[in-house]
2 protein chains.
Amino acid sequence: MKILIIEDDPLHRVYLRDAITEALPECDLVIEADNGLAGEKLAREHTATHIVMDLQMSTRTGIEAARTIWRERPETAILFWSNYSDEAYVRGVSRIVPEGAAYGYVLKTASEGRLKLALRGIFIEGQCVIDREVRGLQQKSLGQRGGFTDSEYEVLVDIALGLTDRAIARRRNLSLRSVQNRLQQLYEKLDIYRATSPEADTATYNLRARAVSVALLRKLLNVSALEQAEVELGDWMTRR
Amino acid sequence: MKILIIEDDPLHRVYLRDAITEALPECDLVIEADNGLAGEKLAREHTATHIVMDLQMSTRTGIEAARTIWRERPETAILFWSNYSDEAYVRGVSRIVPEGAAYGYVLKTASEGRLKLALRGIFIEGQCVIDREVRGLQQKSLGQRGGFTDSEYEVLVDIALGLTDRAIARRRNLSLRSVQNRLQQLYEKLDIYRATSPEADTATYNLRARAVSVALLRKLLNVSALEQAEVELGDWMTRR
DNA sequence: CAATGAAGTGCGGGAAACCGCAATATGTGG
DNA sequence: CCACATATTGCGGTTTCCCGCACTTCATTG
């Protein structure tokens with residue numbers, strides 16, 4: 001059994017390697033890559049089917065690497081081992097996981113025991129192992145209560161990129177008014193109103209800018225999701 | 001000689017401890033804190049004058065911790081050991097360093113040799129040791145060329161928080177028009193114009209939203225700087 | 001099939017953002 | 001003191017944002 005580690009912090013890499021050899025004696029080979037791109041390459045060369053990776057790497061995000069790897073071999077088991085439980089990451093992962101693939105999401109703050117348990121669960125038992133902290137987000141983001149629909153998330157990203165209502169309408173094939181409707185729902189759910197307390201003589205917040213701000217502060221968005229969206233936007237702009 | 005480590009990642013903590021004991025045999029005591037708040041407390045109790053800390057911690061940012069520590073004892077030598085060289089961090093640090101204090105800024109990607117050299121330079125020789133990658137930013141941010149003045153940076157933060165022009169004017173004691181002028185300079189420097197290529201029939205970007213976006217993408221702003229600014233804004237709002 | 005509800009669209013208007021122009025500080029060096 | 005650059009302010013006007021209101025789809029359900 002062969003396991004591929006994709007992780008850019010060398011300290012975390014040796015920690016992972018140790019945890020793996022202890023938790024999985026049936027593993028006889030551990031390969032390592034220190035960025036997403038190299039990870040994709042190694043996965044292809046070794047036809048790796050068991051991978052542990054960080055999200056948030058320089059040359060290629062974990063999400064991106066996982067997507068191309070899963071596109072080539074959807075049965076690959078991947079454990080995401082990440083510092084953060086931002087909604088943007090969780091949403092990004094659950095958006096790309098193929099039907100029936102075994103995967104996991106555990107935080108780096110988890111104990112060594114939890115990590116080892118997840119390793120066995122995913123790679124031996126073929127289960128999905130998701131940390132409780134992350135699980136909470138996942139529920140919320142897919143279910144209704146307080147969560148966001150995909151279309152709301154879309155406009156959130158679009159205004160975060162700085163697009164005008166009109167540009168969003170063009171991009172998403174909607175009327176201007178529909179875009180504005182979605183924005184209003186978004187403002188509603190983000191609770192942008194309730195803004196300032198005392199004399200409401202003049203508004204203190206620009207709604208769209210404020211929405212981006214609170215989305216960032218509440219970890220609904222993060223910068224690497226933004227980077228991703230930026231290149232997608234670039235594609236779209238040149239394509240037309 | 002006593003050294004205080006403030007760092008939330010346990011792996012990095014032991015790595016640091018090892019590097020310190022190897023590079024500084026004259027050091028006979030190493031104390032550790034795993035967040036900024038605990039770090040402040042330990043610094044006070046031990047009257048620590050030699051500190052190595054991470055920026056980017058949960059309970060209290062490195063910047064915040066350093067500020068209170070330096071306020072109490074400005075001659076403290078602090079080495080910032082960070083993952084990122086975002087302009088927001090560099091600007092934050094150089095904003096709070098007291099006159100004549102020894103400090104350093106080295107990236108976690110630096111070799112162990114560089115780290116040890118910095119440790120000796122700062123704690124023994126009383127020098128300032130700043131990594132080249134960081135140095136570049138520092139030049140740019142303080143000097144003119146392409147850099148931002150403090151007032152431009154201020155409005156950048158304000159629009160990132162979602163404030164309206166009027167609200168910014170009130171907060172900074174300026175006229176509405178002055179705020180708008182600063183914004184235009186900001187847009188100029190961020191190169192927001194040059195935006196879309198072919199048919200400029202309608203604008204594709206909302207300037208203020210786009211400005212925040214590119215500032216984030218170019219690491220002129222980051223989320224923890226935003227969080228910081230958000231609480232300052234909260235203070236200001238209640239105070240009036 | 002009628003009823004209910006959710007999402008999209010058009011119209012209209014008030015508020016904010018964006019910006020050119022010009023007058024007035026403020027300040028720095030000769 | 002004057003000359004010059006820089007920053008601030010006011011005015012006016014266009015564009016975009018924000019949103020209430022009314023109408024249309026379209027799907028779900030009893």
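Reminder, nothing fancy here: chain letters follow the sequence lines and each chain counts from 1.
The interatomic distance linking B/L163 (CG) with C/dA16 (P) rounds to 14 Å, in whole Å. One interatomic measurement links the two molecules: CZ of B/R166 to P of D/dT9, which rounds to 14 Å at whole-angstrom precision. In this structure, the CZ atom of A/R208 is 7 Å from the C1' atom of D/dC17, given to the nearest Å. Rounded to a whole Å, the CG atom of B/L183 is 15 Å from the P atom of C/dA16. What separates CG of B/D165 from C1' of D/dC17 is a distance of 13 Å, to the nearest Å. Per the geometry, CD belonging to A/E188 stands 13 Å off C1' belonging to D/dC18, to the nearest Å. In this structure, A/I159 places its CD1 atom 18 Å from P of C/dA16, rounding to the nearest Å. As a whole-Å value, the separation of A/Q180 CD from C/dG13 C1' is 13 Å.
Taking a cutoff of 4.0 Å between a charged side-chain nitrogen and a carboxylate oxygen, A/E133 and A/K219 do not qualify as a salt bridge. Checked for salt-bridge contact, A/D54 and A/K108 meet the test: a charged N lies under 4.0 Å from a carboxylate O.
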Tabulated below should be each protein N or O lying under 3.5 Å from an N or O of nucleotides 24-26 of chain C; please produce it.
none

Could you pull out the protein-nucleic contacts involving nucleotides 7-10 of chain C (nitrogen or oxygen on both sides, under 3.5 Å)?
| unit_1 | atom_1 | unit_2 | atom_2 | d |
| --- | --- | --- | --- | --- |
| C/dG8 | OP1 | A/R182 | NH2 | 2.7 |
| C/dT9 | OP2 | A/S175 | N | 2.7 |
| C/dT9 | OP2 | A/S175 | OG | 3.1 |
| C/dT9 | OP2 | A/S178 | OG | 2.4 |
| C/dT9 | O5' | A/S175 | OG | 3.2 |
| C/dG10 | O6 | A/R177 | NE | 3.3 |

For nucleotides 22-28 of chain D, print each protein N/O atom paired with a nucleotide N/O atom at under 3.5 Å, atom names and distance only.
none

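Evaluation of the side-chain hydrogen bond (donor to acceptor under 3.5 Å, both in side chains) rule for A/N222 yields A/D86, A/S224 as partners, not counting sequence neighbours. A search for salt bridge (charged side-chain N to carboxylate O under 4.0 Å, His left out) contacts involving A/R60 returns A/E40, not counting sequence neighbours. Every side-chain hydrogen bond (donor to acceptor under 3.5 Å, both in side chains) that B/E232 has, sequence neighbours left out, goes to B/Q228. Qualifying ring pair (Phe, Tyr, Trp, His ring centres under 6.0 Å) partners for A/F123, counting only residues two or more places apart in sequence or in other chains: A/H50. Checked against salt bridge (charged side-chain N to carboxylate O under 4.0 Å, His left out), A/R218 has no partners two or more places apart in sequence or in another chain. In this structure, B/Y187 has no side-chain hydrogen bond (donor to acceptor under 3.5 Å, both in side chains) partners at least two apart in sequence or on a different chain. Applying the side-chain hydrogen bond (donor to acceptor under 3.5 Å, both in side chains) criterion to A/Q184, with sequence neighbours excluded, gives no partner residue.
A donor-acceptor pair is defined here as one N or O able to donate and one able to accept, closer than 3.5 Å; no such pair exists between the side chain of B/W70 and the backbone of B/V97. For the pair B/T204 (side chain) and A/A167 (backbone), a donor-acceptor distance under 3.5 Å is absent. Panel note: side chain B/S175, backbone B/S178; a donor-acceptor pair is recorded below 3.5 Å.
Two end axes, each from the C1' atoms of five base pairs, can be drawn for the helix from C/dC1-D/dG30 to C/dG30-D/dC1; they diverge by 30°, to 10 degrees.
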Please tabulate, one pair per line, all N/O donor-acceptor pairs under 3.5 Å involving side-chain atoms of residues 208-215 of chain A, not counting sequence neighbours.
| unit_1 | atom_1 | unit_2 | atom_2 | d |
| --- | --- | --- | --- | --- |
| A/R208 | NH1 | A/L163 | O | 2.9 |
| A/R208 | NH2 | A/D165 | OD1 | 2.1 |
| A/R210 | NH1 | B/L161 | O | 2.7 |
| A/R210 | NH1 | B/E230 | OE1 | 3.1 |
| A/R210 | NH2 | B/E230 | OE2 | 3.0 |
| A/S213 | OG | B/A160 | O | 3.1 |

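Proximity note for B/N206 (side chain, C-beta onward) versus C/dC18, C/dA16, D/dC19: the nearest is C/dC18.
Residue A/Q184 places no side-chain atom within donor-acceptor reach of the base of D/dC19, judged by atom type and a 3.5 Å distance cut-off alone.
OP1 or OP2 of D/dC19 has at least one side-chain nitrogen or oxygen of A/Y193 nearer than 4.0 Å.
Between atom CD1 of residue A/I168 and atom CG of residue A/D158 there is a gap of 4.5 Å, rounded to the nearest 0.5 Å.
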